[in-house]
S.K.: 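Got a structure for you, written out below as C-alpha cells; questions coming shortly.
Just so it is clear, the model here is predicted, and its values are computed rather than measured. Order of the sequence lines sets the chain letters (A, B, ...), proteins ahead of strands, with each chain counted from 1.
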Amino acid sequence: MAKLLMKGAEAIGEAAIAADCRLFFGYPITPQNEIPEYMSLRLPQVGGTFVQAESEVAASNMLYGAGGSGARVFTSSSSPGISLMMEALSYLAGAEVPVVIVNIMRAGPGLGGILPAQADYFQATKGGGHGDYRCIVLAPWSVQDAADLIMDAFDLADFYRNPVLMIGDALIAQMMEPVEIREGRKPCKPLAPKDWATTGNKGRKPNIINSLILDPEDLERHNRRLKAKFDSMERDEVRWASYNTDGDYDILIAAYGTPARVCLTAVNELKEKGVNVGLFRPITLWPFPYAPLREKAKKAKAVLTVELSTGQMVEDVRTAVCEDLPVHFYGRQGGILVTPDEVVEQVTALLGGARPKGARKGGKA
Amino acid sequence: MAKLLMKGAEAIGEAAIAADCRLFFGYPITPQNEIPEYMSLRLPQVGGTFVQAESEVAASNMLYGAGGSGARVFTSSSSPGISLMMEALSYLAGAEVPVVIVNIMRAGPGLGGILPAQADYFQATKGGGHGDYRCIVLAPWSVQDAADLIMDAFDLADFYRNPVLMIGDALIAQMMEPVEIREGRKPCKPLAPKDWATTGNKGRKPNIINSLILDPEDLERHNRRLKAKFDSMERDEVRWASYNTDGDYDILIAAYGTPARVCLTAVNELKEKGVNVGLFRPITLWPFPYAPLREKAKKAKAVLTVELSTGQMVEDVRTAVCEDLPVHFYGRQGGILVTPDEVVEQVTALLGGARPKGARKGGKA
Amino acid sequence: MQNEMILAGFGGQGVLLIGKMLAYAGMKEGKEVSWLPSYGPEMRGGTCNCTVVVSDKPVGSPVVKSPNIMIALNRPSLDKFEPSVRPEGILLINSSLIDRKAERKDVDVLYVRANEVAIECGSPKAANMVALGALVGKTGMVGVESVKAAIAKTFEGKEKIIQLNYKALERGVAIGKGEAQ
Amino acid sequence: MQNEMILAGFGGQGVLLIGKMLAYAGMKEGKEVSWLPSYGPEMRGGTCNCTVVVSDKPVGSPVVKSPNIMIALNRPSLDKFEPSVRPEGILLINSSLIDRKAERKDVDVLYVRANEVAIECGSPKAANMVALGALVGKTGMVGVESVKAAIAKTFEGKEKIIQLNYKALERGVAIGKGEAQ
Amino acid sequence: MSELTVFKRPEALLPVTMHYCPGCTHGISHRLVAEALDELGLRERTVGVAPVGCSVLAYDYFNCDFHEASHGRAPAVATGIKRARPDLIVFTYQGDGDLASIGMAEIVHAANRGEKITVIFVNNAIYGMTGGQMAPTTMPGQVATTCPLGRDTNLAGFPIRMAELLSALVTPAFIARGSLHSPLEVVKTKALIKRAFQYQREGTCFSLVECLSTCPTNWGITPTDSLKWLEENMLPYYPLGIKKTPEGKEA
Amino acid sequence: MSELTVFKRPEALLPVTMHYCPGCTHGISHRLVAEALDELGLRERTVGVAPVGCSVLAYDYFNCDFHEASHGRAPAVATGIKRARPDLIVFTYQGDGDLASIGMAEIVHAANRGEKITVIFVNNAIYGMTGGQMAPTTMPGQVATTCPLGRDTNLAGFPIRMAELLSALVTPAFIARGSLHSPLEVVKTKALIKRAFQYQREGTCFSLVECLSTCPTNWGITPTDSLKWLEENMLPYYPLGIKKTPEGKEA
Amino acid sequence: MSKITIDPNKCKGCELCVKACPEQILAMGKQLNVKGYFYAQVAEQPRCIGCRICCIVCPDVAIEMAVQGTMYKYFDY
Amino acid sequence: MSKITIDPNKCKGCELCVKACPEQILAMGKQLNVKGYFYAQVAEQPRCIGCRICCIVCPDVAIEMAVQGTMYKYFDY
Ligand SMILES: Cc1ncc(C[n+]2csc(CCOP(=O)(O)OP(=O)(O)O)c2C)c(N)n1
Ligand SMILES: Cc1ncc(C[n+]2csc(CCOP(=O)(O)OP(=O)(O)O)c2C)c(N)n1
Ligand code: SF4
Ligand code: SF4
Ligand code: SF4
Ligand code: SF4
Ligand code: SF4
Ligand code: SF4
Ligand SMILES: [Mg+2]
Ligand SMILES: [Mg+2]
C-alpha cells in the first residue's frame, strides 16, 4: 500500500481496523479526540461499532465486556482518563481479557495541561491498578511506529490474554507523517481460537470471565500462573532499538517516544561535529530492556536519560546499569518538548565533566 | 491513657479523631468496613460528620473538597476501591490538598479475594495515578503502629500539603490488640495555618484550589516545585526499623506490615537455635529507606525479601543493595499469610547455600 | 510462654466474644495479646472462629496455623481444626454438641458438657463461658479474676447477666481443674 | 537539506491546510516530512499555526523552535514568531494584512500581497495558496507539480476550486521567483 | 397414569446449592430468570453479567456463559458484550448498592442509550454482601451498620426509586417493579422478567425489572418476618407495576 | 441631576476578559450567578466549584474562593466543602458533558442526599471545550464530531432532560430550567438562580438551575443564529420552568 | 394427584414454604441435613392441592412437584 | 435619560446586543480592538429607552448603563 500522510491519531485508528478491530469505546479528552472522532466516522463504514461511553470508567468496562466476548477492541484516552481505568485494568489482567488501551499522555498531575508529556510511565509500567499484574507497554516514536505497534498490540493481547498498553506523548497523536498501513499482515504471535470467550454455551460448558477467587489456595495458584505468564513476557517480548552504537561513545542517551527522535537529531548533529554519542530507545517500557541497555552502556562512561517528566524511566535505567556508571537525567515538564540543542548542551557539558545546567542525578536518594 | 483492646479498624478511627479529624467520606468494602462503620457511630458523637459516598470516586473527590476547605479528613478503602481513587489522588497531589487515605489491602488483581495481601505496593509507591507526583506511604505492622502512624499521617499531609497514604494488609484492620490512643500529643511536624484554604474571601483575595496550569512554562515551574517538595520528603521523612542487627548475620530479611512480625518471630526462633538473622522493616514505603537498608545489608551475604505479593518491594530492595549481594524473594499470595516456619525454612535453605523451595530471584530479568 | 489458640463454633455460639475476653484478660495482666477473627464472604450461617495469642513476648504472627490450644464448640470445627493442634497441645471439646471423641492421641483432650452446664447455671447461652472457664481452669493462662473483669466490662450495667456469666465461668474453671464436670 | 517551517495566521486563513499540502508534496517526492498543528484550549478565535518539516533525512523533532522559514499571514503571528527565525532564514509576510515591515535584518524577507492577489485570481479565500506558491517559488523546496497534486487531492471532485487554487498558486510562484508581484 | 413433573429446577439453573442465606429471596429471582431463559429458549445464546454483591457468584449457578463485572459497572460490561455480539442475549443481575449507588452513571446511561440488554435489579434495601451498610434504597429510619441510628433523611436523603427514575428518561424502554414477598407477586414478577427478555429477543429496547427482595441476615429478622417487613415497609414506598413500556403506554 | 449607574459588572465578577468565544452564553450565566451572589450579599462566604469544560477557568472570573474539580465530580467536591463548612455557600458550575455524562452518579447522589449546595448546569448540547463531541444532551440528528452523521437515537438514545430526571427523586429540592437565548429568558433565569441561592442560604435544600446555552463555535453558526437554533431546536425538547420545589409545588 | 418432593440437602430450613402452603401440610423436620439445617418435609401429602405455592416461594429451588393425570392451572406460571 | 457605555476592549463583536436592541440604535464598528474584534458601538444614544436589554444579553459584560433622574423599570432585574 502507498504511503499516506496521516495524523497519528488517524493512523492508530486505521491500523486498528487493519488489524481487524471493529469496536471502539471511548470518551473524549484532549489531546486524543481525533482517535474517537476518526473511529466514529470509520467504524460504521467497515461494519464496526463506535460507542461514546459516559466516562472512562464505563469505557474500560465496556472493553472488558467486549474483550470477554472474544472481540478485538480498543480504547484511547489521555492521562486523567487513564487513571479512571485503573480498576478495570486490574480486572482485565485478573480475568485475562485481551484488550488494547492507548494513552496519549498530557502534562499532569491532576488536570495539568494538554501538551505532551511522559509522566505516566510509572503508572503504565509499575501497575496503576491494584494487585499483582503487568501489562506490556509499547512506546512508539513516530506515526508509522504507532500504526505498526498497535497492530502488534492486538496480537500480543490475544496471545497472552492480557491487556496491552500503548503510550505516546501527545505529539504522536497530533502530528502528521507519511505512514503505510500494512494490510494483510501476519499476526506477530501465533493465535489460538478464543474458546474461552462468552459467546453462548451451545454445546459446551459455560464460559466464565472472572477474577474473583475466594479460596486462597486457588487464588495463590492463579497469582502464580499469572506471574509465570508475566515472566514469559519479560523473557520473550522485550523490544528496543539503538542508534550510533556500533563504534565507541562516551555517553549513551536513553529515551523513548518523541524525545528519542529529538535525541537522535542531537546525536546526528554531534556526529557531524565529530562527537560520538549512542542512543538507546526502549520500545517496550514493560518489559523494560534491562539487559540490552546494560550491554550498550558498557562502552559508555555515563548514561543520560531524557524524558518529558521529572524522572521516571530513569529509575529503570539506573536499575539496568546498576552502579556500572553514573546515570544523569534531563527532563522537561509541563508540556514543553526537549530540543536537540538542549540535548547537545547536556551531552557537551557531561563530556566536559561538568554537571550540565538543569540536569540532576535523578531517581533514588 | 490506659491501653484499650481494639480492632485495628477502630483504633485507626479513634486515632484519627484524636488527631482532630472530624470528617470521613467513604464507601463500604471488605475487609475495612469496620472503619466507616466505626466513624458513622463515633463522628456524630464528637461533632463530626460521616458521609457514605456513592462510590470511591465520589469519596475521594469529597476528600478533595473538604481538604481544600482546610478540614482534616480521611477515607479508607481496600484495593479495588483505591484503584478508583487514582484520578483524584493525582488531583490532590497536583492541587496540593492534604488528606489521608488508608488502603487495607486485599488479594488481587481484579475482584480477587478479601483476605490479606500486599500487592498494592507498586500502586502506592510508584504512583497509580497520572503525572509526576509522590505520596508518603506509611506501613504499620500492628494496631498500635496503625494508630500512631495515622496521627502522623495527618501532620505530614498538612505540613507538605500532599496526600498521605497508609497501607496495611487486611490483618491490620481485622485484628484486636492492646492500643493506646495518644491524646493531646504534639504534631510530628510544625504546622502553619491553612491560609490557602477555600473558606470565603472576606478581606482577602480569592483562594483557588487548582491543578490546571495551561501555560507550559508555569506548569513546568509547578512540576519542579512539586519535585523539590518530593525530594525534601525523600530527605526528611524516611522511616524504618531494624531488629537483631547489632551483631553479625549472614542473612538480612526485608519485610513490612504484618509479614515483618512473622519474620521477627522467625528471627527470634532462629536466634534461639543460635542462628543470627537481621530484620529490616521499612516504615515509609515511599520514601523508601534505600540508604539505611544498604547499610544494614553490608554485613549480610544475602537479603531475603518477604511479601504478600509475587514480588513488588523486592524491586526497591534490589535497587537499594544494587549488586552488593543477592536478593532473594519469598512471597505468599491469594490471601495466605507467610508463617514463621516458612521463613525459618527459607533462611535455613539460604544458609545451606541451596535455593530454597518456593523462593525465586524476584524482580527484573 | 506463648499460647496460640483457635476458638471455633457456630455463628451464634459466641466464640468471638470469649476470644476477646481472653485477650482482654491477658492484656489486663500485662501480657502481649492479639485477637483475629476469621472473616469471609461466606461466614454467615457457617462456622466461625478466632485466633487468640496470649504471650510474654510481643506477638509475631496473629495468624496461627498450628495452635497449642483449640476449643471446638461444634462438630464441624473439631473436624476442621483437630489435625492442626500441636502435639502436646490442648483440645477442648464441647461434648454437649459433639458426638464423637477426639482422634488425636498426642494431645491433651478435655471434654466439657458446656451446653448442659450452662443450662444448669440458668443461662443456656453461656456455653461459651463454661468452655472459657474450663480452659482457664486447666491452663491458668490468665487469672480467673482477669476474665471476670472482662465479663464485667463486656456486660457493663447488666448486673444479672454478669452474675450468670460468672457462675458459668466458675463452673467451667472447676471442670478445667478437674474438680467436677 | 532540512526545511523547518512555521506557518501562522488567523483561524480561518488556512495555514494548517497549506502546511499539510507542503508536507504532502514533500512526501510525494520521497522526502521525509512531518506536520504538527498548534493545539490548545484557547486556540479558537485566536491565532493558529503549524510546523512543517521537509527533509532529506528522517525528521527528528517535529517541534521547531527556530524555523528557517516562517510564513506570517497576519500581524500577531509576525509579532510572535519573527524573533525565532534563524539567521539567514526566510520570512514571508502577507503585506495585505500586515501593516509593518520586518524588524529582523539578518533574514531574507519576502512581502506578498497575498489577499489582493487572491482576489485578483477570483478567489478571495486563496490568500494562503498565494503565500504557499510564493514560498515554493522562492525556495524550490518542492516542485510546483507536487503541490498541485496536493491541491488536486485535497479538493478532489471540485474541479473549479482546483483550478482557482492552481491559479493562485502559480501567481504566488511567480512572485516567489521575483517575476512579478 | 403417568407421572408428570410440573415444577422442577429449570435447566438454566445448575443443580448446585446456592450460597445465599436461608430465606434470602435472591434465590427466587435466580430461578425466575432461569425459567424465563428456558421458556423462551434463550439459554444457549445468553451471557449473564454478575455484579459485586451477594449475587457475585451467580456465575456458579446459571447454566449459561457469564461475565463477572466490577462493582456497579455491569451495564457497561453488558454494553460491551451486546455491541460486540448483538446476536447474544445479555442480562445483568445487580443489587441495589451495585446499581443504585456506585453504578448510577452506568445504569442511567445504558438505559438512555437504549442498550438492548435486560437488567434484573434486586433491591433489598441494604448492602448484603459487605455486612449491612446503608444502601441508596435503605428505608428512612432503617438501621444499617453505617447509619446505626437509622437512616436520617436530613443527612442521607430519601431512598431512590430506581424504576421511576429510569422511567423519566425519554429513550423507549420496558421498566417495571415486582416483588418477591408473596407467591402471587413472585408469579407476577416472573411475567415481567419474561416480558423483559422478550423485548430483548425482538431487539426492541432496554428492559429492567426491579425485584423487591429480602435480606433476613442483615435485616436481623427471620425469613418469614422479612417478607412481612418488605410488605409493610418497602411496598408502600416502592409501588409495584409496569412503569414504562416501549409502546409508550401499558399495553 | 446626578448620574446613576444602573447596570454594571457585578462585584462578584472580576474585571477581566473571559476566554469564551464571541457570543457564547457561558458569559451570561457567569454574570447571573455573580449578580445573585452580590444581591444576596453572599460573595465573601462563597466557594465556587469549577468543572472541567469550557468554564474550567471560572475561578479566574469570579471574585470568590474557588475549587477546581475533576471532570464530573464537582457535586462530590462541593459535598466535601459543604460538609466541612456548612456555613459557607457552595455552588458548582457544570457543563452538560461534565454533569450529565461522566458526572451522572455524582449529581444524582448529591441531589438525592439533599446536599445544601447550588448547581448551575449549563446545557449547550455539546462538549464545547474538547471540540464539539456529542453530549448526552445533544439533539437527535444534531451533528457532532463523534456523531458525524448526526445523533442516531437508535445507537445513542435520546437527549437526557436532567432537570426532569433529578426531579424524579423523592428528596426535596429546588430544580428549574431557564434559558439564555432571549432577554426575557435571561431575566427569568436570573430569578431562578437567585431563588436557588436563597434556598441554600436558608439551608432548605439542594438547588439546581439548568440553563440552556449556546456554543456558536462548535455548532458552527453565528451567535445570533445560535440563539435561534436554541429556541427552535432545544426549547421544544427542554421545556422551561420550575420542575420541583421543596414546598412540593410551585409556590 | 400431585406429589411434592423436598430435597433435604438443598433445603436451608427457611420455613417459607411451610408458612406459605395454603393447606398447611408442610412442616419442619427434626433432623439436620449435611449443611446443618433442619429441613422441611411434607407432612400430609394426600391433602396437597397442587397449587405449587411452596415451589414458587422456595428460594433454594429445593421443591419439585409431579402430578398424575391433569392438573388444574391456578395461574399461568 | 439613559447612557450606554460599551467597553471596546471587552467586546468580542458577537452582535447579540445589536440584534437585541429594540430601538436598533447599536451598530458594529469598523475598527478592531486589541483582541482583533470589531466592536459594537452606540449609534444613536439619544434614542435609547434605557431598557437594558443590551446589557442583559451581552455575554461579555461589556456594556454598562447609567441614568440621569429616575428610570422606568421594565422588569425587576
Ligand atoms: C470498587 C468496589 N467498591 C466496593 C466493593 C465492596 N462491595 C462488595 S458488594 C458491595 C455492595 C453490595 O450490595 P448490593 O449491591 O445491594 O448487593 P447485595 O449484597 O445486597 O445483594 C460492596 C460495596 C467492591 N467490591 N468494589
Ligand atoms: C477524566 C476526564 N475525561 C475527559 C476529559 C476531557 N474533557 C474536558 S472538558 C470535557 C467536556 C466538556 O463538555 P461540557 O461539560 O458540556 O462543557 P462545555 O465545554 O460544553 O461547557 C471533556 C470530555 C477530562 N478533562 N477529564
Ligand atoms: S446477606 Fe442478605 S442478601 Fe446476602 S445472601 Fe444473606 S440474606 Fe441474602
Ligand atoms: S467552545 Fe462553545 S461553549 Fe466553549 S467557549 Fe466557545 S462557544 Fe462557548
Ligand atoms: S403444592 Fe400447594 S398445597 Fe401442595 S404442598 Fe405445595 S403449597 Fe402446599
Ligand atoms: S422454602 Fe425451600 S429452603 Fe425454605 S424450608 Fe422450604 S424447602 Fe426448605
Ligand atoms: S438600553 Fe435598550 S434601547 Fe438602550 S441601547 Fe440598550 S437595548 Fe438599546
Ligand atoms: S453583546 Fe457585548 S460582546 Fe457582543 S457585540 Fe455587544 S457589546 Fe460586544
Ligand atoms: Mg442490596
Ligand atoms: Mg457542553
S.K.: Against chain E, label Thr199(A) side chain, backbone, both or neither, depending on which of its atoms sit under 4.5 Å from a heavy atom there.
M.R.: both
S.K.: To the nearest 0.5 Å, tell me how far Met62(A) CE sits from Glu115(E) CD.
M.R.: 6.5 Å
S.K.: Over all heavy atoms of both residues, which pair between Ala76(E) and Ala58(A) is shortest? Give the atoms and the distance, please.
M.R.: CB-O, 3.6 Å
S.K.: Calculate, to the nearest 0.5 Å, the distance between atoms NZ and CG belonging to Lys205(A) and Leu14(E) respectively.
M.R.: 9.5 Å
S.K.: Between Val52(E) and chain A, which part of the residue has a heavy atom less than 4.5 Å away: side chain, backbone, both or neither?
M.R.: side chain
S.K.: Would a distance-only check, ignoring hydrogens and angles, find a side-chain to backbone donor-acceptor pair under 3.5 Å from Tyr91(A) to Glu68(E)?
M.R.: no
S.K.: Between Asp65(E) and Arg204(A), does any side-chain N to carboxylate O distance fall below 4.0 Å?
M.R.: yes
S.K.: Is Ala197(A) close to chain E through its backbone or its side chain, or both, or neither, when contacts mean heavy atoms under 4.5 Å?
M.R.: backbone
S.K.: I need the minimum non-hydrogen distance between Ser69(A) and Ile81(E), along with the two atoms involved.
M.R.: CB-CG2, 4.0 Å
S.K.: Out of curiosity, Ile208(A) CD1 to Tyr59(E) OH, how far, rounded to the nearest 0.5 Å?
M.R.: 7.0 Å
S.K.: I'd like to check Asn207(A) versus Val47(E) (side-chain heavy atoms, cut-off strictly below 4.5 Å). Are they in contact?
M.R.: no
S.K.: Looking only at heavy atoms and a cut-off of under 4.5 Å, which of Arg43(E), Arg113(E), Glu44(E) has the most pairs with chain A?
M.R.: Glu44(E)
S.K.: Looking at Val57(A) and Glu106(E), what are the two nearest heavy atoms and their distance?
M.R.: CG1-OE2, 3.8 Å
S.K.: Answer yes or no: is there a donor N or O on one side and an acceptor on the other, between the side chain of Asn61(A) and the main chain of Ala69(E), under 3.5 Å?
M.R.: no
S.K.: In Å, rounded to the nearest 0.5 Å, how long is the span from CG of Leu63(A) to OG1 of Thr79(E)?
M.R.: 12.5 Å
S.K.: Over all heavy atoms of both residues, which pair between Thr198(A) and Phe66(E) is shortest? Give the atoms and the distance, please.
M.R.: CG2-O, 3.4 Å
S.K.: Heavy-atom cut-off 4.5 Å, strictly under: side chain, backbone, both or neither for Arg83(E) against chain A?
M.R.: both
S.K.: Which heavy atom of Leu23(A) sits nearest to which heavy atom of Ala84(E), and what is that distance?
M.R.: CD1-CB, 3.4 Å
S.K.: Roughly how far, to the nearest 0.5 Å, is CG of Leu212(A) from OG of Ser70(E)?
M.R.: 12.5 Å
S.K.: Checking Ala66(A) against chain E: side chain, backbone, both or neither under 4.5 Å from a heavy atom?
M.R.: both
